[in-house]
There are 2 protein chains.
Amino acid sequence: MRIGELPTPAAVVDLDVLQRNLSRMAQRAAALGVALRPHFKTHKCVEVARLQSACGVRGFTVSTLAEARALLAAGFGDLVWAVPLSPGRLDEACLLARKAEHFAFLVDSPEASDSLDARGRRAAERHEVLLEVDCGYHRSGVDPGAGESVALAERLAAARGLSFRGLLTHAGHAYACRDRRGAEAVAAEEREVTVGFAQRLREEGVAVEQVSVGSTPTVLAADHLRGVTEVRPGNYVFFDAFQAAIGSCTLADCAFTVLATVTSANGKEGRFALDAGALALSKDPGPVHVDPRCGFGVLLPGEGGAPLHDLVLAALSQEHGHGRTRPGREKPPQVGDRIRVIPNHSCLAAAAFETFYAVQAGEVVELWHPARGW
Amino acid sequence: MRIGELPTPAAVVDLDVLQRNLSRMAQRAAALGVALRPHFKTHKCVEVARLQSACGVRGFTVSTLAEARALLAAGFGDLVWAVPLSPGRLDEACLLARKAEHFAFLVDSPEASDSLDARGRRAAERHEVLLEVDCGYHRSGVDPGAGESVALAERLAAARGLSFRGLLTHAGHAYACRDRRGAEAVAAEEREVTVGFAQRLREEGVAVEQVSVGSTPTVLAADHLRGVTEVRPGNYVFFDAFQAAIGSCTLADCAFTVLATVTSANGKEGRFALDAGALALSKDPGPVHVDPRCGFGVLLPGEGGAPLHDLVLAALSQEHGHGRTRPGREKPPQVGDRIRVIPNHSCLAAAAFETFYAVQAGEVVELWHPARGW
């Protein structure tokens, strides 16, 4: 089966580009002297996890229990559930954790900490736990400058139902950067805040074994990661149009594309429609802070090749991509033409598909089925 | 099982509100003197299709072949595939069409028309076909003022492999309106353009049986629909925060919510995190033209009740909703609290879930499993 024969919309992964991305990140983590615990949320495929494992990866990061179930079923037993524990999912998560060699929970509140501790004590277990630190993203995590954050760490360390492993942070604000230099500054902040807080805890007598940081932009931009024990990039496996715009990669590094077909074209007005819309690509607006007219992805010819910068995916409705020609191009593609879209956000686009077609030299060589849902 | 016991994030459908929406739209179509062919793409559940059928619906509109498969398997045999035919899916669609009593394709180009005709002639079949008309949305559809559009209709009517049924349009630009009055003007344009083009074709000797229009805002706002034969609203089953903002409904009419749990809260800074993010709610920006600070949905207490207008869902990452308090409220909700989110765009949010919990008076009474993918 060749790319040209796939029904559209289709999720296509370029296996050679993927492999290159995996190798480079493994080398990068080794050069930085940190363990690589990739985030599974981008691809959610055990087949990709196996390729990562072949590059030396020993543990994974997950965002959902569905991802944890998939990895555990495939024999990957060292997991960090890197979103703050949702109290209603506690029983289910603890049952999953029993199947794992290591399963670390993330908390940033006394409420979550106490409920996890209570459950551990009831079952005479110790649940591994990490404390989330806010390094400037302001999404979740404790304030590293607040005394109550030290108190929470002490509470975790003293709890008989818990095994306190250390600190975790995510510098999501790196995505607001415009280039590699900006990400380098955020990476330094991410490291300094977290390593500094670990140091403060150690001075207070709290053992901090793990210092886990990382996003794809900050890991790639970091000058050094002294004091950090592991990084958790996810997006680097596929990259996407956003990462290319902020300098994390080139467009040629983007391994995940959505293959689409032109279903309508108005030659006079330069508009066309694709059979890939908001459900296939997500409505992630992309790097509008770098290019306000970036549209909903970068378009390539169906068989691959140089980006079609004279076309823009201007809007999305549920099952339609609304294409337009840019100045310099007269006519849109024709009905029946194939287009590949590098999505703005590959994690969200990939999550829409039940099958990924892994291709090499235009030939489909494997079918992958990502975990879905929660 | 009660709402309070559901694992989050969860897709919850209020059955009483849904039933009221279905009845009202059936009455509305009857009052307008048109057939109601609801769009299946919003809910994708055969259980909801059965409730619509009980309200008098005879045929459905679909956006994907996956939706068509689900409806055909459930015994609904009168379908319109209301996106322009994607040439690569032609064989599959024609095999599905054989299982249907009526299966109408949509085209707006000679390329699609000719390929459908050729396939019909080869198999000695006549494929039902509608011509898409652009009534001002400029997504797809032929220009009703162009001579070549008349020529395409004549070509469809003359093709031996096709059975030309009529015209179809969608006034998606109604979503750019700020209120019911604006939608009324778009509804008039939608009707006039399409009925006018039908009239022109009839004058040219082309029989036009079907004149199919409709979106939820225009069907609800239309003054009259003389000359129209059917309407295809979809969103009205669930409604959402967008429809409420532009006056199609009230927030109390919104039948679909995403139940979430507060997983992080910073009392001093007024921020909190939900375990429902971009994958559960979609990154649809919502009615920013009406309220630039609308956020990613309207929040309600977990058990239902009056909207929490003093909270805003300011941003979404993959599995986190980033909540903030608004002026007038001091503290965010607490970790463990339940929140229901009326999403900006229920069609996109609903498509993320593999199970819908249908509830009545807080009790789960049915589980529904929507069709997914393509």
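Here is the naming used below: chain letters follow the sequence lines, and residue numbers restart at 1 for every chain. Computed from heavy atoms alone, side chains included, the values below leave out hydrogens, waters and symmetry copies.
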Between [options], which has the largest tally of heavy atom pairs under 4.5 Å with chain A?
| options | answer |
| --- | --- |
| B:A315, B:S282, B:A280, B:G4 | B:A280 |
| B:G277, B:G88, B:A273, B:S63 | B:S63 |
| B:E5, B:H138, B:E269 | B:H138 |
| B:H345, B:H320, B:R89 | B:H320 |

What about the rings of A:Y137 and B:H322, do their centers lie closer together than 6.0 Å?
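Yes.
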Sort [X] into side chain, backbone, both or neither according to what part of it lies under 4.5 angstrom from a heavy atom of chain A.
| X | result |
| --- | --- |
| B:A352 | both |
| B:A260 | neither |
| B:S140 | both |
| B:S115 | neither |
| B:D284 | both |

Identify which of [options] forms the greatest number of heavy-atom pairs closer than 4.5 Å to chain B.
| options | value |
| --- | --- |
| A:Q334, A:K268, A:Q318 | A:Q318 |
| A:R139, A:E319, A:K283 | A:R139 |
| A:T261, A:L348, A:L274, A:V107 | A:L348 |
| A:P9, A:G323, A:G336, A:A112 | A:P9 |
| A:E354, A:K41, A:E111 | A:K41 |

Point-to-point distance, once rounded to the nearest 0.5 Å, from [atom1] of [X] to [atom2] of [Y]:
| X | Y | atom1 | atom2 | answer |
| --- | --- | --- | --- | --- |
| B:H170 | A:S317 | NE2 | OG | 7.0 Å |
| B:D108 | A:N266 | CG | CG | 8.5 Å |
| A:T64 | B:L279 | OG1 | CG | 9.0 Å |

Can you name the one residue among A:V335, A:D275, A:D337, A:T8 that meets side chain to side chain contact (heavy atoms under 4.5 Å, CB included) with B:P87?
A:V335
Side chains of A:E132 and B:S264, heavy atoms from C-beta outward: is any pair under 4.5 Å?
no
